[in-house]
Every structure is written in structure tokens, then in C-alpha cells.
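Read the structure below first, then the notes.
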Amino acid sequence: MTADRQAEGALRVAVIGIGQRAAIAEHVGASEIAARVVAAVDVTPAGRQRAADQFGADVAVYADLSKLVAAGGIDAAIVTTPDFTHAAIAIELLHAGIAVYLEKPIATTVEDADAVLAAAFETKTPLYVAHNFRHAAVVRLMSEIVRRGDIGEVKSIWVRHFVGNGGDYYFKDWHADRANVTSLLLQKASHDIDIIHMLGGGYTRRVVGMGDLMVYGDVTDRREREGETVNDWFSFDNWPPASQTGLNPVVDVEDLSMMMMTLDNGVQASYQQSHFTPDYWRNYTVIGTEGRLENVGDTAGGVVKVWNRRHEWQVAGDAEYEIEGVTSGHSDADLLTMTEFLAHVANGTPTTLSPVAARESVAAGVLATTSLRSGSVPFDVPPLHPSITQYFASPADAASRSAL
Ligand SMILES: NC(=O)c1ccc[n+]([C@@H]2O[C@H](COP(=O)([O-])OP(=O)(O)OC[C@H]3O[C@@H](n4cnc5c(N)ncnc54)[C@H](O)[C@@H]3O)[C@@H](O)[C@H]2O)c1
């Protein structure tokens with residue numbers, strides 16, 4: 001810990017990329033760990049203006065990450081830039097000794113994901129990948145049911161992802177271009193592949209993918225949206241999907257994608273994603289040797305049902321558990337996620353998600369994308385170098401990562 005930080009008693013945090021997701025940095029002040037946002041970086045004038053509006057006039061604002069690094073005095077950085085920039089930004093920060101909160105996905109290729117992990121390994125700088133869905137009330141509830149053994153040993157997980165806001169969220173800006181995200185299967189499912197790994201107790205080793213661009217590719221009304229964020233164009237009135245206007249000039253990602261995976265412990269899973277449903281939520285079915293669970297709704301007001309007695313179909317579960325937390329969005333999970341990061345940096349507190357898990361979800365998503373674009377042939381996920389796996393699993397890592 002630097003002398004300055006001890007004197008001030010609070011972590012000095014920078015935010016990189018001041019778009020829609022930079023709102024996560026508002027939890028820095030709300031978390032129980034002493035920390036404050038002191039600097040921001042955005043490559044656009046509009047982003048730099050948002051930085052001043054959002055974090056106050058006394059926050060130092062830069063157009064270039066290297067200028068922030070050169071100025072010094074930063075303990076930790078929150079990276080909320082587009083996916084294709086994650087790896088390079090994270091690696092530069094790690095080499096500067098600045099602890100990194102990196103938005104998911106860790107990267108858009110397996111090679112880049114591995115390069116980020118290697119940089120954290122070489123520099124011993126804390127790296128945290130923000131899979132906030134792990135902290136969602138519905139996921140914590142499903143995890144608790146599985147951990148208690150209420151459905152026996154997990155054998156299969158099926159996830160249906162209704163991305164009802166897909167047109168607004170993913171087809172009107174950089175997300176729609178493969179060059180920026182690889183695929184929406186990777187972009188969006190990196191959360192769910194991670195949860196499948198967590199609930200299934202293993203990492204994906206073999207994948208098969210299938211998918212297509214079925215609706216948004218036919219929308220010809222396109223334009224650049226320089227300086228805008230999704231908050232400027234989002235509306236429930238944008239319905240049905242084919243009536244959407246102002247899509248990104250390049251739209252070449254799939255709006256329907258599916259993948260099947262075999263985990264290293266034999267668990268079999270599937271994930272389906274559609275960007276043109278009217279409703280926006282995720283439905284998990286987890287099947288064990290002594291029952292199955294399924295969530296209906298994925299925020300407060302929803303329920304996780306467990307069937308673990310034998311009978312014909314039955315709407316009511318044999319047991320039902322209410323989902324707690326917020327009724328919409330994920331601000332509760334975001335606060336827990338930010339608190340976990342800051343506690344890890346400040347005190348070396350272990351985190352629920354290892355960067356290795358973040359890499360494994362991206363690796364599965366990348367290979368599933370390769371499969372769906374190659375006639376659905378299966379692909380094996382390359383294993384991570386054992387020294388990296390060992391580093392992130394070792395107590396020495398936790399100790400060194402706390403010694404900022
Ligand atoms: N975990 C979640 O729930 C969640 C939710 C939304 C977004 N995200 C993630 O957050 C990231 C950002 O998404 P968004 O919706 O805020 O995007 P956005 O387009 O609204 O904002 C990105 C910002 O980064 C800036 N930027 C681009 N390149 C930069 C660079 N090299 N250096 C500095 N600034 C740069 C842009 O000017 C823009 O202001 C994505 O990776 C996305 O996956 C995560």
C-alpha cells in the first residue's frame with residue numbers, strides 16, 4: 001500500500017470508458033470499503049463530458065489511458081470499455097501495478113484472455129473479472145439449493161435466454177459487429193456459461209454451436225451513433241423487432257444462437273439465446289439425480305421451483321423459494337460485485353470468481369461460435385497453462401494480490 005493511500009485512507013479509483021456501464025462505479029462510494037473515484041478516461045469528448053457529469057468536476061479526466069498511468073497515484077481501475085479493448089487495457093494497467101476490475105467478458109478471443117491472465121501472473125497485480133451475475137439473488141438461490149443436495153448430484157443444465165431488449169442493447173452500436181465482440185453468444189452468454197460451470201462443478205471441454213442472423217440483418221435503416229449510449233435510444237416502444245430503426249451500420253453477429261457443452265466432469269449443458277423475444281429474462285433448468293429445479297422469473301417476484309418427488313406434470317413445485325433482491329435490473333448484484341473487488345484489493349479478501357473461471361467461460365463461448373460458423377462441428381476448449389491455473393488457485397496468489 002502506498003504512503004499516500006495510507007494517509008488518505010481510501011483507495012483511489014479510476015474509471016476507464018464512461019458509457020452506460022460506467023454507472024457501476026457509482027457503487028464505489030456506496031461500498032463499505034473506503035474508496036473514491038478520482039480519475040476517468042474516455043477516448044471521446046462525449047464520454048469525457050459524461051465523466052465530469054457523473055463523477056464531479058474534481059475528477060481528473062484523460063483522453064488516453066497512458067496519460068492516466070503516467071500521472072500515477074491510482075490504486076485500482078474499473079474498466080467499462082467495449083469488449084475488444086478489454087485485453088489491451090487490462091494488460092497495460094496490470095503492468096502499471098494498478099489493480100483491475102475488468103467488465104465481462106475478459107476478452108473476445110482465447111489468446112487475449114490467456115494474455116490477460118499471464119499479465120496478472122507475471123506482475124502479481126490483482127485482477128478481478130466482473131461476473132456480477134454470480135451475485136444475482138436468483139443465482140445465489142439456485143446455488144444454495146444445489147449445494148444443499150435438494151436435487152441430488154447435478155447431471156444436466158439447460159438455459160434459455162430471452163434477450164427481449166436485444167435490438168436496443170446489441171444491434172444499435174459496436175456490439176453488432178463481430179470485429180468488436182466475436183459473437184453475442186460469447187458477449188451475452190459469458191455470464192451464463194460461467195453459472196453453468198459453477199452449478200455443474202466443472203469447466204467446458206467440448207462444445208457444439210448453431211445459430212443465425214434471422215431478424216435484424218433484414219433491417220436496412222442504419223446509422224452511426226457517435227457520442228450516444230443505449231440510454232439515448234432504449235424504449236419498450238421499439239417493437240416488433242423488424243420495425244427497429246437506426247441499427248449499427250455493420251450487423252453481422254447472430255441474433256439467435258445455441259450451444260451444447262460437455263464439462264470436464266461429464267455434466268452436459270445447453271444454452272439458447274434469442275434477441276427477438278418480447279420478454280427479457282433467463283430460465284434455468286438444473287437436473288440432478290434426485291430432482292430438478294427451475295426458475296420462473298429471475299428477479300424479485302419470481303420463484304425457484306424444485307420438483308423432487310415422482311408424479312405427472314405439476315405447475316407448482318414440490319418446494320418453492322421466492323427470489324429476493326431488486327425487481328428489475330441488477331443493482332443489488334452490482335453493489336456486491338464492486339464491494340467484493342474493493343475488499344479484495346484493500347484487504348486481500350478471496351473472491352467468489354477466479355479469473356480462470358472468466359477465461360473458461362470466454363473460451364467455451366469462442367469455440368461455440370467457431371462451431372456455429374463451421375457447420376456445427378464440435379470443438380475442444382484448449383486447457384489453460386497449468387502454472388496459470390495453479391497461480392490463481394494458490395494461497396500465495398491471494399497473499400500477493402493483497403499486497404498492493
Ligand atoms: N456485467 C454487466 O451486467 C454488464 C452490463 C452492461 C455492460 N457490461 C460490459 O461493460 C462494457 C461496456 O459496455 P457499455 O454498454 O457501457 O458500452 P458503451 O458503448 O455505452 O460505453 C463504452 C465507453 O467506452 C469508451 N471507450 C471506447 N474505447 C475506449 C478506450 N480504448 N479507452 C477509454 N474509453 C474507451 C467509449 O467512448 C464509451 O464511452 C462491455 O464490455 C459490456 O460487456 C456489463
Side-chain angles (χ1 to χ4, degrees), residues 14-27 39-55 61-69 77-93 100-108 112 116 128-136 139 163 165-166 168-177 180-184 186-192 194-195 224-234 248 280 282 298-299 326 328-338 340-341 353 358 361-362 365:
V15 189
I16 321 297
I18 316 301
Q20 176 260 338
R21 186 57 179 161
I24 184 83
E26 287 163 15
H27 292 296
V41 180
D42 200 290
V43 291
T44 64
R48 294 194 287 280
Q49 183 57 51
R50 285 192 293 271
D53 296 344
Q54 206 164 336
F55 303 114
V61 180
Y62 303 93
D64 188 332
L65 177 62
S66 60
K67 295 215 167 46
L68 171 99
V69 169
I78 297 167
V79 181
T80 48
T81 55
D83 304 4
F84 67 95
T85 67
H86 286 184
I89 290 175
I91 290 169
E92 185 171 346
L93 288 165
V100 174
Y101 169 110
L102 182 57
E103 260 307 336
K104 49 57 59 179
I106 184 171
T108 55
D112 279 358
V116 174
Y128 178 85
V129 186
H131 279 261
N132 54 339
F133 195 41
R134 281 217 177 191
H135 292 290
V139 169
V163 192
N165 296 335
D168 280 343
Y169 281 175
Y170 300 108
F171 288 88
K172 295 187 177 176
D173 66 6
W174 53 269
H175 293 89
D177 186 340
N180 298 329
V181 294
T182 296
S183 68
L184 292 180
L186 160 62
Q187 212 294 330
K188 194 70 180 147
S190 57
H191 282 301
D192 300 278
D194 173 53
I195 300 306
E224 297 283 355
R225 292 178 180 271
E226 189 65 37
E228 292 180 66
T229 72
V230 65
N231 300 326
D232 297 310
W233 65 75
F234 181 91
N248 195 55
Y280 185 37
R282 297 163 157 101
D298 58 6
T299 49
V326 294
S328 171
H330 40 71
S331 57
D332 51 349
D334 287 351
L335 175 59
L336 291 171
T337 306
M338 185 53 67
E340 181 171 65
F341 167 66
L353 175 119
S361 77
V362 159

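The structure presented is a predicted model; accordingly, all values stated were derived computationally and were not measured. Atoms within each ligand, like the ligands themselves, are counted from 1 in listed order.
Looking at heavy atoms from C-beta onward, V41 lies out of side-chain contact with K67 at the 4.5 angstrom threshold. You'll find the side chain of V362 reaches within 4.5 Å of the side chain of L186, heavy atoms only.
Of all atoms in ligand 1, numbered sequentially from 1 with element shown, those under 4.0 Å from a heavy atom of R50 are 39 (O). Every atom of ligand 1 with a heavy atom of H86 under 4.0 Å away is listed here by number and element: 41 (O). Heavy-atom proximity to D83, at under 4.0 Å, picks out these atoms of ligand 1: 40 (C), 41 (O), 42 (C), 43 (O). Each of the atoms 22 (C), 24 (O), 26 (N), 27 (C), 28 (N) of ligand 1 lies under 4.0 Å from some heavy atom of P82. Taking every heavy atom of H330 and a limit of under 4.0 angstrom, the matching atoms of ligand 1 come to 3 (O). Less than 4.0 angstrom separates some heavy atom of T44 from each of these atoms of ligand 1: 37 (O).
Contacts between N132 and ligand 1 below 4.0 angstrom, taking non-hydrogen atoms only, involve the side chain exclusively. Only the backbone of I18 comes within contact range of ligand 1, with a heavy atom under 4.0 Å; no side-chain atom does. At a 4.0 Å heavy-atom cut-off, ligand 1 does not touch H131 at all.
Taking any N or O of D334, backbone or side chain, none lies under 3.5 Å from an N or O belonging to ligand 1.
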Original post:
Yes or no on side chain to side chain contact (heavy atoms under 4.5 Å, CB included) for S361 and H191, after CA distance, side-chain angles and deciding distance?
Top reply: CA-CA 8 Å; S361 77; H191 282 301; over 6 Å; no

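When hydrogens are left out, the protein atom nearest atom 15 (O) of ligand 1 is Q20 OE1, 3.0 Å; that is the closest non-hydrogen contact. The protein heavy atom nearest to atom 37 (O) of ligand 1 is D42 OD1, 2.7 Å. Counting protein heavy atoms only, atom 12 (C) of ligand 1 is closest to T80 O, 3.4 Å. Regarding atom 18 (P) of ligand 1, its nearest protein heavy-atom neighbour is W174 NE1, 3.8 Å. When only non-hydrogen protein atoms are considered, atom 5 (C) of ligand 1 lies nearest to R21 CD, 3.5 Å. Annotation: atom 21 (O) of ligand 1 to nearest protein heavy atom, G19 CA, 3.2 Å.
For D83, the salt bridge (charged side-chain N to carboxylate O under 4.0 Å, His left out) criterion is met by no residue, not counting sequence neighbours. For the salt bridge (charged side-chain N to carboxylate O under 4.0 Å, His left out) test, no residue two or more places apart in sequence or in another chain qualifies with R50.
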